[in-house]
Amino acid sequence: MKKRQARYVRHALGMIMAAASPLPLMAQTVPASAPSTTAPADEEPILPDDEFNARLPGAGSVDDKASNSGTDSKAPLPSIDDWLDQQMPAQGSAPASGTAPAPATSAELPPATEPPVETELAQPLPALDSVTVPENVADDDSDEKTPEVRYATQLDGFGKTGLEDEFRAASALVDGKGKAETASMVQQRAQADEQLAVRLFHSEGYYDATALASLDQQQDGTLKAILSVTPGKRYKINEIVIHAPETIPPGLIRDSLTLKTGDYIVATAVEAAEANVALKLPEHGYAFARIGDRDILLDPATVTGDYTLPVEPGPRGTFRTITTSGEKQAFGADHMAVIARFDKGDLYDSRKVDDLRKALVATGLFASVAVDPVQTGEPGPDGTEYVDLHVDQEAGPARRLAGELGYGTGQGFRAEGSWTHRNLFPPEGALIASVIAGTQEQGVSGTFRRSNAGKRDKTFQAGAGVNHQKYDAYEAFTLGLNASWSRQSTPIFQKRWTYTYGGEILLSNENTTIDESGENKRLTYFIGALPVQVGYDRSNDLLNPTSGFRANLRVSPEASLQGNVSPYVRASFDLAGYYPISDSFVLAARTKIGTINGVARDDVAPSRRIYAGGGGSVRGYGYQELGPKDANDDPIGGRSVNEFAVEGRYRFGNYGVVAFVDAGQVYESQIPQFSDIRYGVGLGGRFYTNFGPFRADIAMPINRQPGESKFALYIGIGQAF
């Protein structure tokens with residue numbers, strides 16, 4: 001065991017020494033004659049025990065010596081000092097013949113001397129608080145900044161290339177604004193700008209471009225960094241070669257590659273053309289197309305380059321099925337098939353895949369969702385191959401709290417809060433509870449809503465509510481039931497055509513003025529209605545439109561169901577347009593006409609009559625303030641209305657201001673008379689958020705009448721129209 005340990009230690013030391021050698025590891029070689037570090041098992045001892053004992057001081061074996069000296073071999077050994085005194089011959093005696101000279105005794109050795117002692121070093125160290133720092137050291141400020149190096153930047157050679165501004169935007173020298181800590185830093189910036197200039201010129205087709213930076217010392221001590229560039233000639237595309245199998249339709253790849261002979265070899269244009277190929281192939285059935293690495297062979301003699309692009313379109317595919325996975329799923333693949341805009345056997349189109357992904361996001365039920373094509377290898381119709389879509393989903397929180405707060409002159413404060421469980425009845429069956437708390441309106445309601453009900457974008461909704469309203473025109477306690485089918489826009493999908501149709505039943509107890517005489521009565525109305533609404537939207541944004549127009553038509557056949565049935569029709573038409581004067585200024589306008597036809601005004605429940613005035617109507621007047629009034633100067637509503645508005649919207653960053661002129665009037669007749677128009681003018685402020693603009697408008701009436709407010713204030717979310 002001891003021998004093995006010794007060999008191991010020697011071997012380890014050899015490794016350490018080899019590691020400490022300055023020569024490379026590969027340069028170290030081992031001679032062929034080097035002995036092995038492992039001895040054979042039958043190796044003879046280097047020094048036999050008899051000879052080893054004989055060489056001990058006082059020749060002879062330990063046992064012989066013990067016997068000759070008359071001592072016990074098992075007795076304790078003497079101390080090393082006593083043993084040396086006994087074994088060493090006297091000073092001056094000659095060694096025995098044939099033996100090695102004996103070492104000198106201690107008497108022959110020179111006397112030991114003590115090393116000189118430094119008296120200062122022998123003194124104890126002083127206490128730390130007694131140490132003083134020399135004045136020249138104490139005054140040294142290690143934080144003192146070295147003087148800044150000032151330099152100027154000069155660019156030469158950009159000429160008519162039109163790239164100087166782009167270079168300056170990314171230049172390290174220009175970004176340094178003429179200041180640096182050291183001259184070496186200026187030099188590093190200049191070297192970085194050399195590489196930047198060459199890359200920039202290459203990206204624009206100047207493949208022979210060179211750049212050279214130099215530093216010159218000025219007489220005033222400042223540096224001047226000079227970057228001189230030589231663009232050279234600009235290369236153009238010569239031959240365009242595509243290595244790919246034939247596609248359907250033929251020439252799909254070449255037609256998608258928006259490059260042509262004679263175009264300059266501009267990096268962004270080349271990358272955009274290749275990206276277009278990668279986009280168009282999946283739109284025409286090639287779900288797994290791959291774009292290879294381009295090759296451009298430059299010819300300095302003709303200053304052109306031959307462009308070669310390999311493309312692997314892969315199999316042409318058709319849709320088959322949808323599969324899904326995820327630890328927590330909102331709903332299954334069957335409902336996803338309802339949302340998808342494709343059927344089995346339809347040609348694969350990546351736009352329909354993106355549409356499905358956005359539709360799933362629009363449900364609001366997912367924390368994360370991904371839709372990817374899966375190659376099946378199974379044949380499909382017309383020589384295609386089936387492609388499955390796999391949806392990897394993770395359901396998000398299904399519950400949501402929402403709130404809305406607003407104020408309007410004549411309408412007072414109004415706050416509405418709602419609690420929604422968006423998937424209480426999967427798939428997409430939501431339960432909504434709402435509360436309205438305001439100075440002049442209070443109410444509670446419950447609603448069941450099924451989104452994508454049997455068809456994409458089709459929503460079924462049914463609800464019940466109790467509401468109390470108290471305005472100058474009327475006071476009403478209303479119990480209502482309603483059901484409807486609709487197709488409406490969402491923030492993700494702003495639809496061109498929208499609609500709503502359904503039915504509602506209202507039981508309303510109302511206190512109102514019957515006519516201009518001021519007679520006040522409380523009546524109960526039992527009303528049935530079949531409202532229908534159709535919208536057409538060509539605006540560019542749902543919450544903050546800046547271009548386009550919107551049109552909306554609403555028709556509601558209604559009847560009083562108590563006593564004799566008295567049918568009538570309520571209808572209105574709205575049109576709004578938006579025209580951008582500049583990037584920051586939009587001119588907006590709207591008009592509205594409305595009518596109640598087939599019944600006398602006093603036979604219509606006051607809450608169902610037509611009114612005008614307020615933040616969403618004619619600003620400058622209180623809520624429902626326009627139109628016929630009773631002897632107490634309270635509005636009593638009418639059977640027709642016309643409204644107009646023009647608004648200039650100026651936006652700067654997240655803020656904006658508006659100036660507007662509104663006009664309108666309510667009439668007792670069934671058809672708007674377009675006479676006695678009232679006007680309001682005002683200013684407003686906007687704060688733009690990611691969920692829509694927050695608005696505050698203040699307006700005043702023109703030619704104010706007795707009882708009308710001097711000004712009106714409106715606060716809410718969203719544009720006025």
Side-chain angles (χ1 to χ4, degrees), residues 22 133-238 259 262-275 293-307 583 652-653:
V133 181
E135 183 176 358
N136 59 340
V137 176
D139 293 340
D140 185 19
D141 185 2
S142 59
D143 294 334
E144 184 179 354
K145 295 183 179 179
T146 57
E148 287 185 338
V149 175
R150 301 281 181 165
Y151 68 90
T153 303
Q154 178 178 323
L155 304 178
D156 296 332
F158 282 89
K160 298 181 180 180
T161 62
L163 299 178
E164 183 171 344
D165 290 341
E166 187 175 352
F167 174 83
R168 286 182 175 274
S171 167
L173 287 171
V174 174
D175 185 62
K177 298 180 180 179
K179 299 178 182 178
E181 295 182 2
T182 63
S184 177
M185 184 178 293
V186 180
Q187 184 177 9
Q188 292 174 359
R189 293 175 183 175
Q191 293 172 350
D193 277 4
E194 284 183 351
Q195 301 174 6
L196 171 65
V198 172
R199 291 197 308 270
L200 178 60
F201 278 109
H202 284 185
S203 70
E204 293 295 325
Y206 297 93
Y207 288 99
D208 296 330
T210 60
L212 180 64
S214 62
L215 296 180
D216 293 342
Q217 184 77 35
Q218 303 298 301
Q219 294 182 354
D220 58 358
T222 61
L223 291 176
K224 175 179 282 190
I226 303 174
L227 180 67
S228 300
V229 296
T230 304
K233 295 182 178 180
R234 198 176 189 187
Y235 284 72
K236 295 182 179 181
I237 296 176
N238 183 26
L259 296 176
D263 289 346
Y264 289 113
I265 307 177
V266 179
T268 54
V270 172
E271 292 175 352
E274 294 170 357
D293 295 332
R294 79 184 75 87
D295 182 51
I296 301 177
L297 181 61
L298 300 177
D299 183 2
T302 60
V303 197
T304 60
D306 293 337
Y307 174 88
D583 292 339
F652 47 97

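No experiment lies behind these values; they were computed from the predicted model shown.
- Residues in residues 190-199 take part in these side chain to side chain donor-acceptor pair (under 3.5 Å) pairs, two or more places apart or across chains: Ser171-Asp193.
- Remark: Ser184 pairs with Thr182, Gln188 by the side-chain contact (heavy atoms from CB on, under 4.5 Å) rule, at least two apart or across chains.
- Atom CD in Glu148 sits 5.5 Å away from atom NZ in Lys179 (nearest 0.5 Å).
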Worked verdict on Asn238 versus Thr302 for side-chain contact (heavy atoms from CB on, under 4.5 Å): CA-CA 9 Å; Asn238 183 26; Thr302 60; 5.8 Å; no

Would Phe201 and Phe158 count as a ring pair (Phe, Tyr, Trp, His ring centres under 6.0 Å) here? Give the steps. CA-CA 10 Å; Phe201 278 109; Phe158 282 89; 5.6 Å; yes

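- Interatomic distance, Leu223 CG to Thr153 OG1, rounded to the nearest 0.5 Å: 10.5 Å.
- Residues Thr304 and Ile265 form no side-chain contact, since every pair of their non-hydrogen atoms from C-beta on lies 4.5 Å or further apart.
- Listed by chain and residue number, Val270, Glu271, Glu274, Ile296, Tyr307, Leu309 satisfy the side-chain contact (heavy atoms from CB on, under 4.5 Å) test with Arg294 (two or more places apart in sequence, or in another chain).
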How far apart are the C-alpha atoms of Leu227 and Gln154, what are their side-chain angles, what is the distance that settles it, and do they pass the side-chain contact (heavy atoms from CB on, under 4.5 Å) test? CA-CA 6 Å; Leu227 180 67; Gln154 178 178 323; over 6 Å; no

List the atom pairs, donor and acceptor, that lie under 3.5 Å between side-chain atoms in residues 229-237 and the rest of the protein, sequence neighbours left out.
residue, atom, partner, partner atom, Å
Arg234, NE, Glu204, O, 2.7
Arg234, NH2, Glu204, O, 3.3
Arg234, NH2, Glu204, OE1, 3.2
Tyr235, OH, Asp208, OD1, 3.3
Tyr235, OH, Asp208, OD2, 3.0

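- Rounded to the nearest 0.5 Å, atoms CG (Leu212) and CD1 (Ile226) are 10.0 Å apart.
- Residues satisfying the ring-ring contact (aromatic ring centres under 6.0 Å, His included) test with Tyr151, not counting sequence neighbours, are none.
- Under the salt bridge (charged side-chain N to carboxylate O under 4.0 Å, His left out) criterion, the residue pairs touching residues 154-167 are Glu164-Arg168, with sequence neighbours excluded.
- Nearest approach of Ala180 to Arg189, heavy atoms of both residues: CB-NH1, 3.9 Å.
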